[in-house]
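Below: the structure, in structure tokens.
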Amino acid sequence: MSSIPALLSSRFQAVTGIDPELRPATKAAFGHYQCNVALRLANEQGRKPRDVAAEIIEAVDVSDIAEPLEIAGPGFINIRVKMDVLATAVTDQLADPHNGIEQEESPDKVIVDYSAPNVAKPMHVGNLRSTIIGDCLVRVLRAGGNEVIPQNHIGDWGTQFGMLVEQILFEGIDATTLTLDTSVELYKRAQVHFREDEAFAEAARLRVVALQSGDPQTRTIWQALIDVSKAGFNRAYARLGVLLTDEDLAGESMYNPMLASVAEDLEQRGIAVVDQGALCVFVPGDETPLIVRKSDGGFGYAATDLAAIRYRLNDLKATRLIYVVGSPQAHHFAQVFAVAKMAGWLPDTVKAEHVGFGSVLGSDGKMFKTRDGKAVTLDTLLDAAEEVAAPDVAMAAVKYADLSNALHKDYVFDLNRMVATTGDTGPYLQYAHARVSQILRRAEADGDIVVDTTATISILAELAEQTLALLLTRFPDTVAEVVASLQPHKLCLYLFELATQLSTFYEQCPVLKSEGEVRASRLVLCRATQKTLAVGLGLLGITAPERM
RNA sequence: GCGCCCAUGGCUCAAUGGAUAGAGCAUCUGACUACGGAUCAGAAGGUUGGGGGUUCAAGUCCCUCUGGGCGCGCCA
């Protein structure tokens, strides 16, 4: 099924030949949708905008969908959707298993790289943003009919493991008895030891070589460290209610065997050159090189990311790559993508996107840190939220606060504001859902059958009903916009508008006190709103409780 | 020094180059034997950091200045 705005848009495009710039009306007085393209065309043709608009109105055939079109202001075309069309669209949307969301005709195979916590380190606010945003994007992309492969690029490789394993051996610890907390403490001791004891530092460096060459004892301890951390990650994911599982784990270590060939390939083809002992790729227009292989022969994360791109395209057959990693990495990904393109590993047909995001700030406007200057751990933060709200509500509060801001901006973590049940918050949306659920529950108790597939919206007499119905029909396009733009806050904004309009409707149009056709119609409208809120919240990774 | 990002009512944020820049919080005024008031209706609050430019149209695009954040060859 095609949404009303999509339908209108294609009808106008048939006449104008270009994108008709169909937009939701900026004010109720202007109708439901507006077409702005007459102004552009008029300017290009050197004619009067209102004349062009009149011509478009004459040629376009939307009489089955809309009331007679109107020209307003300098040359806008205002469109008012017919009430019976609106009523049918909402009824159809309710019956549709995808709630009207258009399914991609040629679905992408999308890799979403997100979360990426480090082994033997506690998860922090940065991981939180990546995890929440990535989870939302996975859900939204799937809802649009795409195949999504989550990839959790955990930090399970690198020089720090030489240090960790060496410290375990030094202390004589049985690695299988470690917990997430004790491994974090171990990490701190190892760091100090590494800094202060040159002999230990040297042993740690040799231990990295042992790890890379597959020394059994080293590998066993390393594996134990990973298992402990994995269990910790999974607890955090369960608590957050995100979709990640062990199946999605694709850590840095996985790419280790591929790194040498990445370097070799780039070097042989003259894309990478040795400079100051390191194998570098100089991307045109970029002063600093991407270092593929360090001067000591080791590989950094640039090599890993390049290997991952090759793997994701060749083995996983991805057609779209999405990296949910903080904004400070923007330059790194720009370089990696550029090098992958130079090497021919990333064809123009495959979109590679870095979804960067801003930092979480404390109430002082500075980076969110504890009093003693340490990074705030995920658990500390979630514990604090659960102190002021029930777990479901607390998670909704934290997630919605994170997703409702434009991604690239920093935001202030203000617990009191985010758990509030009034205003633009997760709990407010949950409350709206619970309240409409209550109406439906009571109606069912009264003997109304509101899930019957033959139930339809037949009356939209009140403005509050019409506005609510109109808003419901905008859901599919809102989701499509997030699929394209990867900006979850657009969905948040939509859902807040929907919840607000539900409250207005609820106030002005009694449902249970009404009778006959009006009651039946309003109950379907309630059901459609309940479903859209639930589906929408679901796409954000937020639960939609029927009671609170 | 080079590069990227940000600046919108008191506060937190929206706004696909389009009509009179919208919300929420806080403030003030109303509506409670209520389909859950965890709410709703309304008011007040703006030279979109400054200055230039492009455009029929600029918060949005370009230049510049100011103020802040981040990144700039071998940590990831």
Side-chain angles (χ1 to χ4, degrees), chain A residues 19 21-27 29-30 34 36-37 39-40 42-44 46 48-49 72-76 78 116 118 153 155 157-160 252 275-280 282 285-302 304-305 325-332 334 356 358-359 361 365-367 393 401 404-406 408-412 414 416-418 420-425 427-428 430-432 434-443 446 481 485 489-490 492-493 496-497 500 503-504 506-514 519 522 526 547-548:
Chain A
D19 175 11
E21 298 182 37
L22 198 85
R23 309 274 185 266
T26 51
K27 283 188 189 328
F30 300 153
Q34 62 184 56
N36 303 336
V37 82
L39 292 107
R40 177 180 307 284
N43 189 47
E44 285 168 6
K48 288 182 185 164
F76 300 104
N78 289 342
N118 289 311
H153 196 85
W157 200 250
T159 50
Q160 72 271 26
E252 293 168 353
D275 189 272
Q276 297 177 28
L279 186 65
C280 302
F282 288 89
D286 199 332
E287 278 184 31
T288 56
L290 185 74
I291 295 182
V292 178
R293 192 182 58 222
K294 298 185 285 179
S295 53
D296 68 0
F299 294 102
Y301 77 147
T304 310
D305 279 334
V325 184
S327 294
Q329 301 294 327
H331 184 230
H332 165 72
S359 307
L361 307 177
K366 308 238 165 146
M367 293 289 282
V393 178
S404 60
N405 289 310
H408 61 281
K409 291 195 184 178
D410 297 345
Y411 78 93
V412 176
D414 183 339
N416 290 330
R417 185 167 47 240
M418 56 182 77
T421 51
T422 59
D424 188 8
T425 70
Y428 174 79
Q430 289 185 312
Y431 174 67
R435 218 165 45 153
V436 75
S437 297
Q438 170 80 336
I439 293 178
L440 291 161
R441 199 159 45 232
R442 290 186 56 166
D446 289 350
E481 199 185 342
S485 69
H489 80 279
K490 304 218 180 242
C492 293
L493 183 68
F496 177 63
E497 273 181 51
T500 304
S503 287
T504 302
Y506 173 94
E507 198 73 19
Q508 294 175 7
C509 304
V511 178
L512 297 178
K513 283 177 187 161
S514 60
R519 179 183 168 104
R522 284 181 180 169
C526 283
R547 297 173 199 269
M548 287 177 77

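Values reported hereafter were calculated over all heavy atoms of this structure, with side chains retained and with hydrogens, waters and symmetry mates removed.
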| field | Salt bridge present between Arg519(A) and Asp446(A) (N-O < 4.0 angstrom) | value |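 Yes.
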
Taking atom [atom1] in both [N] and [M], compute the distance separating them and give it to the nearest angstrom.
| N | M | atom1 | value |
| --- | --- | --- | --- |
| A15(B) | A58(B) | C1' | 13 Å |
| U20(B) | G59(B) | P | 11 Å |
| C25(B) | A19(B) | P | 25 Å |
| C5(B) | A57(B) | P | 27 Å |
| G37(B) | C32(B) | C1' | 7 Å |
| C11(B) | G53(B) | P | 31 Å |
| U8(B) | U60(B) | P | 14 Å |
| C62(B) | U55(B) | C1' | 12 Å |

Out of curiosity, [X] [atom1] to [Y] [atom2], how far, rounded to the nearest 0.5 Å?
| X | Y | atom1 | atom2 | result |
| --- | --- | --- | --- | --- |
| Ile439(A) | Leu512(A) | CD1 | CG | 6.0 Å |
| Glu21(A) | Arg40(A) | CD | CZ | 4.5 Å |
| Gln34(A) | Thr26(A) | CD | OG1 | 4.5 Å |
| Asn78(A) | Lys27(A) | CG | NZ | 12.5 Å |
| Phe299(A) | Ile291(A) | CZ | CD1 | 13.0 Å |
| Arg417(A) | Asp424(A) | CZ | CG | 10.5 Å |

In whole angstrom, give the distance that lies between atom [atom1] of [X] and atom [atom2] of [N].
| X | N | atom1 | atom2 | value |
| --- | --- | --- | --- | --- |
| Phe30(A) | G22(B) | CZ | C1' | 14 Å |
| Asn405(A) | A15(B) | CG | C1' | 14 Å |
| His408(A) | C6(B) | NE2 | P | 4 Å |
| Asp424(A) | U12(B) | CG | C1' | 10 Å |
| Met367(A) | G68(B) | CE | P | 18 Å |
| Asp410(A) | A7(B) | CG | C1' | 12 Å |
| Leu361(A) | G69(B) | CG | P | 11 Å |
| Met418(A) | G24(B) | CE | C1' | 14 Å |

Might you list the N or O atoms of the protein lying below 3.5 Å from N or O atoms in nucleotides 73-76 of chain B, with each pair's distance?
from	atom 1	to	atom 2	distance (Å)
G73(B)	O6	Asp275(A)	OD1	2.6
G73(B)	O6	Gln276(A)	NE2	3.3
G73(B)	N1	Gln276(A)	NE2	3.2
C74(B)	O2	Ser295(A)	N	2.5
C74(B)	O2	Ser295(A)	OG	3.1
C74(B)	N3	Ser295(A)	OG	3.0
C74(B)	N4	Gln276(A)	O	3.0
A76(B)	OP1	Phe299(A)	O	3.4
A76(B)	O3'	Glu252(A)	OE1	3.3
A76(B)	O3'	Glu252(A)	OE2	2.2
A76(B)	N6	Tyr301(A)	OH	3.2
A76(B)	N1	Gln329(A)	NE2	3.4

| field | Closest-nucleotide 5' rank along RNA chain B - winner of Pro74(A) and Ala330(A) | value |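 Its nearest nucleotide lies further toward 5', so the answer is Ala330(A).
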
| request: Using the closest heavy atom to pick a nucleotide of RNA chain B for each, name whichever of Tyr411(A) or Asp19(A) lands nearer the 5' end. | output: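 It is Tyr411(A) whose nearest nucleotide is closer to the 5' end.
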
How would you label the contact of [X] with the nucleic acid (heavy atoms, under 4.0 Å): base, sugar-phosphate, or nothing?
| X | result |
| --- | --- |
| His489(A) | sugar-phosphate |
| Leu39(A) | base |
| Asp305(A) | nothing |
| Arg417(A) | sugar-phosphate |
| Gln34(A) | base |
| Lys490(A) | sugar-phosphate |
| Ala72(A) | base |

I want to check something: taking the side chain as every heavy atom from C-beta on, are [X] and [Y] in contact at a cut-off of under 4.5 Å?
| X | Y | answer |
| --- | --- | --- |
| Tyr411(A) | Asn405(A) | yes |
| Val325(A) | His153(A) | no |
| Phe282(A) | Glu287(A) | no |

| query | Yes or no on side-chain contact (heavy atoms from CB on, under 4.5 Å) for Tyr428(A) and Ser503(A), after CA distance, side-chain angles and deciding distance? | reply | CA-CA 11 Å; Tyr428(A) 174 79; Ser503(A) 287; 3.4 Å; yes

| task | Look at the side chain of Glu497(A) and the base of A23(B), then say whether one donor and one acceptor between them are separated by less than 3.5 Å. | result |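 When only heavy-atom distances are counted, Glu497(A) does not reach the base of A23(B) through any donor-acceptor pair under 3.5 Å.
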
| field | Criterion side chain to side chain donor-acceptor pair (under 3.5 Å) against Gln438(A), the qualifying member of Arg435(A), Arg442(A), Arg441(A) | value |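 With Gln438(A) as partner, Arg435(A), Arg442(A), Arg441(A) yield a single side chain to side chain donor-acceptor pair (under 3.5 Å), made by Arg441(A).
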
| said: With the six-membered base ring of G24(B) as reference, does the ring of Phe496(A) sit under 5.5 Å away with planes under 30° apart? | reply: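 Stack criterion not met.
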
Polar-atom pairs under 3.5 Å, protein N or O versus N or O of nucleotides 32-39 of chain B: list them with distances, or write none.
from	atom 1	to	atom 2	distance (Å)
C35(B)	OP2	Lys513(A)	NZ	2.9
C35(B)	O3'	Arg442(A)	NH1	2.9
C35(B)	N3	Val511(A)	N	3.2
C35(B)	N4	Tyr506(A)	O	2.0
C35(B)	N4	Cys509(A)	O	3.2
G36(B)	OP2	Gln438(A)	NE2	3.0
G36(B)	OP2	Arg442(A)	NH1	3.2
G36(B)	O2'	Tyr431(A)	OH	3.3
G37(B)	OP2	Tyr506(A)	OH	3.4
A38(B)	O2'	Tyr431(A)	OH	3.3
A38(B)	N6	Met548(A)	O	3.1
U39(B)	OP1	Thr421(A)	O	3.0
U39(B)	O2'	Arg435(A)	NH1	3.4

| field | Heavy atoms from other residues, nucleotides or ligands near CD of Glu44(A) exceed 12 (cutoff 6.0 Å) | value |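 Yes.
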
| request: Mind checking which stems touch RNA chain B? I mean at least 3 consecutive Watson-Crick or G-U pairs, both distances under 3.5 Å. | output: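 For RNA chain B the paired stretches long enough to count as stems (3 pairs minimum) are B:1-7 with B:66-72, B:10-13 with B:22-25, B:27-31 with B:39-43, B:49-53 with B:61-65.
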
| request: With the side chain of Thr504(A) defined as its heavy atoms from C-beta on, choose the nearest nucleotide among C56(B), A14(B), C40(B). | output: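 It is C40(B).
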
| said: Counting only side-chain nitrogens and oxygens, does Asn43(A) get under 4.0 Å of the OP1 or OP2 atom of C56(B)? | reply: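 For C56(B), OP1/OP2 do have a side-chain N/O of Asn43(A) under 4.0 Å.
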
